[in-house]
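What you see is a predicted model; the values in this text were computed from it and never measured.
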Amino acid sequence: MKIFLDTAEVDKIKRFAALGVVDGVTTNPTIILKSGRKQKEVIREICKIVDGPVSVEGVEGKAEGMVKDGEEYASWAKNVVVKVPMTEEGLKAVRILAKKGIKTNVTLVFSPAQALLVAKAGAYIVSPFLGRLDDVGEEGMELVRQTVAIYKSYGYKTSVLAASIRSPLHVVQAALAGADISTVPADVLEKMYRHPFTDAGIRKFKDDWESAKKIK
Ligand code: E4P
């Protein structure tokens, strides 16, 4: 499974890219706001750090506006993927952008019926939102499982990206469900490699190493 970083904070992207575990990046207007930077400037910088897909999202409601914005975003770097919302206008934009050779990521997907339409429209990526479903008492992971099953049955090429991830367990469950990608906030990625037993094991080996040096 590919791992994308769900952030526009360049220092964090550089830090985790150095580990060789970052296959792409996703952003949205909230994530751009958190970065405290101008969208175009920060996206261009991210695209230089990461070779894989970098999702960029606008707020246009009409297909015409989404296509215009999408063409602009796609001109910023060759690895830009244009995010469009899961609406009738969004699906229309997916089709038009696909014909122009521009890849799309359909966001704010909350049902398998929506996911089916996203694949039929020809999107490059579908983003089912796990955490936000969990937040309202639904099982977000079930949406990922059903989306993966539908796409597999019919051979749809659209990649399933588990979004709105809140924990390492979400990432593991998304991998087990067969998601192609999980997009992970930086704090969750950090929690993925940390384990108290690893830290305790390192401390014990170090102590024993020091004690072993004293053996005559
Ligand atoms: C990524 O593409 C999504 O916009 C993001 O994962 C949403 O996460 P949130 O539900 O934590 O805001």
Donor-acceptor under 3.5 Å (Asn79 side chain, Val50 main chain): yes

hydrophobic_cluster_shared for Tyr124 and Phe4, side chain cutoff 4.5 Å: yes

Sidechain-backbone polar pair: Tyr151 side chain, Ala115 backbone, donor-acceptor under 3.5 Å: yes

Side-chain donor/acceptor of Asp134 to backbone N/O of Gly140, under 3.5 Å: yes

Heavy-atom closest pair, residues Pro128 and Val160: CG-CG1, 4.1 Å

same_hphob_cluster(Val126, Ile102) at 4.5 Å side-chain heavy-atom cutoff: yes

Atom of Trp76, atom of Arg44 and distance for their closest heavy-atom approach: O-NE, 3.7 Å

salt_bridge(Glu41, Lys38) N-O dist < 4.0 Å: no

Lys/Arg-Asp/Glu bridge criterion (N-O < 4.0 Å) met for Lys48, Glu45: no

Lys/Arg N to Asp/Glu carboxylate O, Arg15 vs Glu190, below 4.0 Å: yes

Nearest-0.5 Å distance, OG1 of residue Thr7 to NZ of residue Lys34: 8.0 Å

Basic-acidic side-chain contact under 4.0 Å: Glu139, Arg145: yes

Side chain Thr26, main chain Ser55, donor-acceptor under 3.5 Å: no

Straight-line distance of Leu189 CG to Arg194 CZ, nearest 0.5 Å: 11.0 Å

Where Ala177 and Val148 come nearest, the two heavy atoms and their spacing: O-CG1, 3.4 Å

Sidechain-backbone polar pair: Ser164 side chain, Arg132 backbone, donor-acceptor under 3.5 Å: yes

Donor-acceptor contact below 3.5 Å, side chain Glu60 vs main chain Val67: no

Lys83 (side chain) donor-acceptor with Thr27 (main chain) under 3.5 angstrom: yes

Side chain proximity check, Leu117 to Val106, heavy atoms < 4.5 angstrom: no

